[in-house]
Every structure is written in C-alpha cells, then in structure tokens.
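Throughout, protein chains are lettered first and strands after them, A, B, ... in sequence-line order, and every chain is numbered starting at 1. Here the structure is a predicted model, which is why all the values come from computation and not from measurement.
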Protein chains: 2
Amino acid sequence: MGENKYLSIYNDLLSKIKNGIFQSGMKLPSENQLVEQYGTSRETIRKALNLLSEHGYIQKIKGKGSIVLDVGKFDFPVSGLISFKELAQKIGKPSRTIVYECDLVKPDEKLKKHLHVTSKDEVWKVIRAREIEGERIILDKDFFNKQFVPSLTREICEDSIYEYLEEELGIKISFAKKEISVDECTEEDKKYLDLKGYTHVVVVRNYVYLDDASLFQYTESRHRLDKFRFVDFARREHL
Amino acid sequence: MGENKYLSIYNDLLSKIKNGIFQSGMKLPSENQLVEQYGTSRETIRKALNLLSEHGYIQKIKGKGSIVLDVGKFDFPVSGLISFKELAQKIGKPSRTIVYECDLVKPDEKLKKHLHVTSKDEVWKVIRAREIEGERIILDKDFFNKQFVPSLTREICEDSIYEYLEEELGIKISFAKKEISVDECTEEDKKYLDLKGYTHVVVVRNYVYLDDASLFQYTESRHRLDKFRFVDFARREHL
DNA sequence: TAGTGGTCTAGACCACCGT
DNA sequence: CGGTGGTCTAGACCACTAT
C-alpha cells in the first residue's frame, strides 16, 4: 500500500521467481514488456530489476535479457545484517539467549576508540550467550552509546534488542562494517561458552551506523569454530 | 575517456573525498548544486552519489544532504572479490605463489555438484600455496570448467590466473557467492601449509560466475587461522 | 517556507546480441 | 536488422528537514 511502485514490482517479480513461475535459467520478460505489463515507465522497471540483480536473483546481460539465477535461495542472508532472533527463527532449532550482563559503564580506551565516545559518555554494555540445541556457541558483546538508548532491561536483551530499538525507539539501523577474524579464546569465552576444547573463536566485529550516519553500536560476536558459517554475495566491479 | 559520465563524476567526487577536499562529517554539495557544477542532469548525479553510498563513502539523508563518512578507507576491499596478486600488492609484504598441481582431471562426485558438470567434462585442478613473509599461510584449490579455459600453464598459475583469464582470454568475471566456515585441517593442509600447530583452517568457498551467468569456477581458499581477515560492508534493507 | 533527497515519467540515443 | 539492456535528459511531484 504505502509501498513504492518499484518495490512492489520487485516483490512481485521476486515471488514469481520463488514460486517457480520464472524458473532459473529462463529469461525474464524484457524491460519493454514489463513496462507494458506493469503500466509504468522503464526507469521504474529498471529500478526493480536492479534490485533483483543486486540481491543475486537475476543477471542482466546487455543485448540479451535478464536471466533468472539459481543462487539467491540461501539459508543465510546475503551479506547479512541479521539479528539472532531472525536467525534462530530461520534455522528452526531450539535456541535461547542467556543475559550475563546489562549495565551502564564508563568506556575504557579500546571502547572509546571503537565507539568514538569520550570519558564523559556512558555506554551500555550487554553480554549474552546464544544457546542452540543446549550448547552455548555464540558470545555476543554489545556496546551502545547511551545517548541513543536511554534505557535497557534484561528482558529486552533476552528477546531482541534490535526489535526494541527499531520498533519501540524508532531507531533506524542503516548499515554496518563487519570484520571477521579468528582469535584465541579469552577467559570470558571459557566462562560463558561451551567451548568443547576449542582454543580459538571466530570473532565478528560489527560497527553499526544509524540512518543519520552516526556510529551507534559496537558489537563483538564470538562464535565457536565448528558452528560458524557466513555467506556473502559479491559482485565484481568493472570500473 | 571512454568512461561513462556518472562514473567519471563518481571518480571525481571519490578523489576529492580521498584527498580531503570533502572531509568526513562534512556535507557534499546538494544534488542541484552538483547538477550545475558538472553540467548534467540530476539522475546522472544521483547515479554517481548512489555508487558512493553503496561503497560506503557517503550517507544520503532525505531532507538534509549527503554526509561524507569516515569509513570507506579500508585496507581490504569492501566485500571483496580480489585476487591474491592484488592483495599482495596492497599489503606490500614479500609474497610468492607455489604451484603444487596444475592438471586436467575428471571431476569426482563432489566437484560435479560444485561445478555443475558431468563425467564427460574435464576440469582444471590447480593447487597453490600462498607464501607471505616466508610462511605458507593460504592454500588455494581452484577448479575451472575446461570448456571456458582451454589451456593453462604453471607459469600462469604462479602469476595471476585472473589476469590471464580477463586480459588474455577476455573472460569477464561477474560475481561470486562466498561461504566461510572453519574446518579441521586435512592431510593436504598439513602437507602444503606451514600450520604451526593449528588444527583448523578458515575455508572460503567461492562460486564464481561469468557475465553470462554460467558457473565457471569453484575455489577453496584455506587460510591459517591466525592470518585470516575479512572485511564486509552491509547495508540494512528496509523492505 | 525553502531546500533537500526519493520517486516517477516520457522520451532519446547508444552498444550489444541475435538473425 | 530489430530487440535487448545501459546511459542520459528535463521535467514533475512528493516527503522530509531545517528555519
């Protein structure tokens, strides 16, 4: 309803791809045909098609047409910003969140640098373990600038902080820079995770920005080696 | 020269950001001002700005303007499809490639599935170790459909296969799906890498597609834990 | 209210691919 | 050659932000 025209066309085409009306390997109708079918302008059609292309559902080829790809049906999101709650729902396995800490703290040096805050600011520090099928395999350490999040409770942390921020506070998360590396386990990891003898964890560092480009959150997500998986979809630029 | 208008505007704005003419935190000129400055239409300006935004250099905010971000200066590429040669040049450390294998083989079951080929096809199998500062820390296993790559030599493998494919054969790599996980070391890893006691490796699986959407290459890149690093830049979709 | 970015249109020309 | 997608234009209206 309140949807943009190009978004509704995107969603319509996407559902037709997912339902097999447009099968992989086949060509989509040409842009001019789609202009006719949807009764809109070509640029609007092209916006919808470009979205499909960016998300890996089709490949556009000059002079030929738009081919439906067989990638795009990922279990995991494409280059994903996804919350644990969304993920847990997707994999459909019993899971829960254990909150170990949820406090306002003064930032130390490392945090000041990561969050771009000063000693005068206060910062929410949240430590949670994610348990899947009875094993705590992910340790999430979240730090929020208090300026953006006035209050926070353990109950919220057990559910989904993202949902609370977006739906209750109206905060719009915009994008994130993500760094992945493998680090040695810390004492904290050993204390809060079921490490089963693993000496290293995969560390995903997230720098989360708001719609207005201010740095809002720093997150460390520490995964047990054997349970880590990440899917990315990269387009090579011919610049 | 043969460059598109929006690309040359993109590159011009980008160099001004990198040279500090547009500093981070500052606003870019408005779209209408840029229309004047570059003597072009607004949609063309918007294409250039959207590229900057997608690459993490600016953040566009409705009603306000385009803000220059301080991310965007990554050592590593943004959600990267990058060759080892490009990478080695970037980090500027002594490096070389050791070719252990470069043969035409019949695909086994696993490979048939990964590359979408049949027993009738032949496949190039290339095994290379990447040495940085005297240590072999990455093991690259590449498989190409012979249909696309008629010939291949050890010399080419020691240099850059990508350069050979793109410049000599005119093959255009278009996009890749990437999966990252951590696996136990195989005998092959122990044989070809300097593992320094590590029992696991980070495995990056790449499925590489051509411009015409055909699956072309399957690559496994196996990294020693302590030397692995990956940077990604994800935009949250408000669909 | 004036200025910003977001969407949309109707037309144009081009480079590329097939026949 | 006709059809395809890629670029570009000049205009319009809208939603949002500032003052």
Side-chain angles (χ1 to χ4, degrees), chain A residues 1-13 22 26-54 57-69 170-172 174-175 210-214 235 237-239, chain B residues 1-13 22 26-54 57-69 170-172 174-175 210-214 235 237-239:
Chain A
M1 295 289 92
E3 218 173 28
N4 291 330
K5 197 177 274 194
Y6 78 90
L7 269 182
S8 72
I9 295 172
Y10 164 81
N11 284 320
D12 190 56
L13 291 172
F22 297 134
M26 299 291 95
K27 282 215 280 270
L28 283 187
S30 77
E31 296 183 348
N32 286 323
Q33 285 172 318
L34 292 171
V35 163
E36 292 268 318
Q37 288 177 29
Y38 288 99
T40 182
S41 72
R42 193 169 152 230
E43 284 298 336
T44 301
I45 292 294
R46 285 178 54 74
K47 254 188 174 174
L49 292 183
N50 284 334
L51 261 190
L52 287 172
S53 167
E54 280 161 24
Y57 293 105
I58 64 170
Q59 172 78 355
K60 306 181 80 184
I61 305 170
K62 196 191 296 194
K64 284 172 115 175
S66 300
I67 296 175
V68 180
L69 297 177
I171 286 175
K172 280 194 184 158
S174 169
F175 58 96
L210 299 182
D211 259 6
D212 66 353
S214 53
R235 196 159 289 275
E237 320 268 353
H238 292 285
L239 304 181
Chain B
M1 295 286 93
E3 219 172 28
N4 290 328
K5 196 177 275 194
Y6 78 89
L7 270 182
S8 72
I9 295 172
Y10 164 80
N11 284 320
D12 190 56
L13 291 171
F22 298 133
M26 299 290 96
K27 281 214 280 269
L28 283 188
S30 76
E31 296 184 349
N32 286 323
Q33 286 173 317
L34 292 172
V35 163
E36 293 268 319
Q37 287 177 27
Y38 287 98
T40 182
S41 72
R42 193 168 152 230
E43 285 297 336
T44 301
I45 292 295
R46 285 176 56 73
K47 254 188 175 175
L49 292 181
N50 283 333
L51 261 190
L52 287 172
S53 166
E54 280 160 24
Y57 293 106
I58 65 170
Q59 173 79 352
K60 306 181 79 183
I61 305 170
K62 195 191 300 195
K64 283 174 120 176
S66 299
I67 296 174
V68 180
L69 299 177
I171 286 175
K172 281 197 183 157
S174 170
F175 58 95
L210 298 182
D211 259 8
D212 67 353
S214 53
R235 197 158 285 277
E237 318 270 351
H238 292 285
L239 299 184

Contact nearer the 5' end of DNA chain C, comparing A:G63 with B:L28: B:L28
Toward the 5' end of DNA chain C, by each residue's nearest nucleotide, B:R46 or A:E43: B:R46
Atom CD of A:Q37: over 12 foreign heavy atoms under 6.0 Å: yes
Starting at atom [atom1] of [X], determine the distance to atom [atom2] of [N], rounded to an integer number of angstrom.
| X | N | atom1 | atom2 | answer |
| --- | --- | --- | --- | --- |
| A:K47 | C:dA10 | NZ | C1' | 16 Å |
| B:K27 | C:dG5 | NZ | C1' | 12 Å |
| B:N32 | C:dG5 | CG | P | 7 Å |
| A:N4 | C:dT9 | CG | P | 11 Å |
| B:E31 | C:dA2 | CD | P | 20 Å |
| A:R42 | D:dG6 | CZ | P | 8 Å |
| A:L34 | D:dG6 | CG | P | 13 Å |
| B:K5 | D:dT7 | NZ | P | 13 Å |

Nearest to the [X] side chain among [options], which nucleotide is it?
| X | options | value |
| --- | --- | --- |
| B:K62 | C:dC8, D:dC16, D:dT7 | D:dC16 |
| B:Y6 | C:dT7, C:dG6, D:dC8 | D:dC8 |
| B:T44 | D:dT17, D:dT9, C:dT9 | D:dT9 |

Counting just side-chain N and O atoms, does [X] come under 4.0 Å of either OP1 or OP2 of [N]?
| X | N | value |
| --- | --- | --- |
| B:K64 | D:dA18 | yes |
| B:T40 | D:dT9 | yes |
| B:S30 | C:dT4 | yes |

Can you tell me how far apart [atom1] ([X]) and [atom2] ([Y]) are? Round to the nearest 0.5 Å.
| X | Y | atom1 | atom2 | answer |
| --- | --- | --- | --- | --- |
| A:K5 | A:K47 | NZ | NZ | 12.0 Å |
| B:N4 | B:N11 | CG | CG | 10.5 Å |
| B:I58 | B:F22 | CD1 | CZ | 10.5 Å |

B:D12 side chain to B:S8 backbone, donor-acceptor under 3.5 Å: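 Absent.
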